[in-house]
Peer 1: 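Submitted below is the structure of interest, expressed as structure tokens.
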Amino acid sequence: MRIKSIQTGRIQIPLKTPFKTALRTVEAVEDVIVRVETDTGEEGFGEAPPTAVITGDILESIEGAVRNFIAPSLEGMEIEDLDGIMKRLHGCVKGNTSAKAAVDMAVYDLYAKSLGRPLYRILGGARTELETDLTISVNPIPQMVEDSLRAVEEGFSILKIKVGKEGYQDVERIREIRQAVGPDKVIRVDANQGWTAKESVRMIQKMEDLDLDIDLVEQPVPAQDLEGMKFVTSHVNTRILADESVFSPRQAIRVIQEQAADMINIKLMKTGGIHEALKIVNIAEIYGIECMIGCMLESKIAVSAAAHLAAAKSVITAVDLDGPSLCREDPYEGGPLYAGAKIIMPKEAGIGISKVPVSFR
Ligand code: MG
């Protein structure tokens, strides 16, 4: 089974409500879809969102990297030669982690299809079901309380609250949400780099004093400020999760060795796909730290690739794969089932997605 062609297309899916973080506001998913076709007529699918403020990738750069660099490097290669494909994929162009992730997952899709098994089984996994959190966007407090209550009603028992836009007001925000949802729901907080180190310590300690029972705080300080994140991690009891600070396996090692965070958020768009994400998984296993699996604003193809990785690796203890839950419609057929907070892994071979209504060129 050889790679015959690698093509791209675009998909646009409206969101149920605008997605707002300390970094951006987005109304719809508009992503690049990649199709890898083999000489035997099999298709593998991948997806990459243009997360300019985090990865630096935009729609045109993703398409350009796939068409002009990655496709000519990989066409003609044997799918069985996964190691060789990954070497070329990561060697043919620098950066461009989202484009690489889209092609990487399409290749893994085909690799698992060639073996006739679901991808998570090929990766060694046995978990058939995952529970994801749901993201609550940054808004005025009453709306965030309402959104949190609706999420609970829809069956989500883990909420990820976006903060970081209004400094100390964020403590009040979390206090009101905790009061509304009650003591038994899990609350995670994501500041998306919106606080300084000192603000973070003061606010997290305040939340601890108020017994708000926060599961973890994600990326409180700017990505480059490892000193600051270490300061936060060492001054609070709450777990600190590194997101924007860790893209590569090398950065994961550095954050862990410097004890700058307690956990690492793995996203395929940061690592450049499953092959590199597996290295972070292995590093976390070696050092004995837990990981979250996260996603950008992605629809079901990319999120499902991440779900297969999570289902395969027990070191991934927190699942933040709510992309499909935020989309107003599901244009694809097959793949994991997203039923409220539950993600049920598919029995089909590969990632499982069979129908992708996109025109490729
Ligand atoms: Mg985050």
Side-chain angles (χ1 to χ4, degrees), residues 15 18-26 29 48-57 97-98 101 132-139 144 147-148 151 156 158-166 170 173-174 177 186-197 199-200 203-204 207 214-226 228-229 232-233 238-248 251-252 255 260-271 277 280 284 289-298 302-303 306-307 309-310 316-326:
L15 295 174
F19 182 85
K20 295 183 196 171
T21 75
L23 295 174
R24 61 194 177 129
T25 297
V26 184
V29 165
T51 320
V53 291
I54 299 171
T55 61
D57 297 324
T97 52
S98 304
T132 180
D133 59 27
L134 186 75
T135 301
I136 305 296
S137 284
V138 185
N139 274 306
M144 290 183 77
D147 291 346
S148 302
F156 290 91
I158 313 171
L159 304 179
K160 182 158 132 174
I161 314 294
K162 292 287 189 183
V163 298
K165 271 182 138 175
E166 291 181 316
D170 283 333
R173 197 180 295 280
I174 301 301
I177 291 170
V186 176
I187 293 183
R188 297 174 177 154
V189 172
D190 188 356
N192 284 112
Q193 319 178 53
W195 297 336
T196 67
E199 274 175 348
S200 305
M203 281 192 276
I204 296 168
M207 290 191 259
I214 303 307
D215 181 42
L216 53 88
V217 173
E218 188 171 334
Q219 196 67 50
V221 300
Q224 307 309 322
D225 187 13
L226 278 200
M229 196 149 67
V232 179
T233 300
T238 307
R239 297 188 294 178
I240 302 300
L241 170 71
D243 182 7
E244 288 93 328
S245 291
V246 176
F247 273 53
S248 65
Q251 287 170 322
V255 161
D262 302 295
M263 288 177 75
I264 289 171
N265 188 345
I266 300 174
K267 292 178 180 166
L268 300 182
M269 297 306 142
K270 296 189 297 177
T271 59
I280 298 184
I289 79 156
E290 295 174 13
C291 296
M292 173 183 273
I293 186 90
C295 57
M296 306 296 184
L297 267 180
E298 297 158 15
V303 172
L309 177 63
I316 298 173
T317 56
V319 177
D320 175 28
L321 296 179
D322 59 0
S325 308
L326 304 174

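Hydrogens, waters and symmetry mates are skipped; everything else that's a heavy atom, side chains included, is used. Every number for a ligand or one of its atoms is a count from 1 in the order of the listing.
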Peer 1: Between Phe156 and Thr135, is any pair of side-chain heavy atoms under 4.5 Å apart?
Peer 2: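 They are not in contact (no side-chain heavy atoms under 4.5 Å apart), so the answer is no.
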
Peer 1: Taking backbone and side chain together, does Asp243 place any N/O/S atom at a distance below 2.8 Å from the Mg ion (ligand 1)?
Peer 2: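 Checking the Mg ion (ligand 1) against Asp243, an N, O or S atom does fall under 2.8 Å.
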
Peer 1: Write the atom name of the N, O or S atom in Asp190 that is nearest the Mg ion (ligand 1).
Peer 2: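 So the atom name we want here is OD2.
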
Peer 1: Quick one, Met207 and Asp170 - any side-chain contact, counting heavy atoms below 4.5 Å?
Peer 2: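 No, too far: nothing below the 4.5 Å cut-off.
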
Peer 1: Check all N, O or S atoms of Glu218 and name the one closest to the Mg ion (ligand 1).
Peer 2: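 When I compare the N, O and S atoms of Glu218, OE2 is nearest to the Mg ion (ligand 1).
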
Peer 1: Counting backbone and side-chain atoms alike, is an N, O or S atom of Glu244 positioned under 2.8 Å from the Mg ion (ligand 1)?
Peer 2: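 Checking Glu244: none of its N, O or S atoms is under 2.8 Å.
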
Peer 1: Taking only Lys NZ, Arg NE, NH1 and NH2, and the carboxylate oxygens of Asp or Glu, determine whether Asp320 and Lys267 approach each other closer than 4.0 Å.
Peer 2: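 The answer is no: the pair does not qualify as a salt bridge.
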
Peer 1: Do Ser245 and Gln219 have side-chain atoms, one donor and one acceptor, less than 3.5 Å apart?
Peer 2: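 A donor-acceptor contact under 3.5 Å links the two side chains.
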
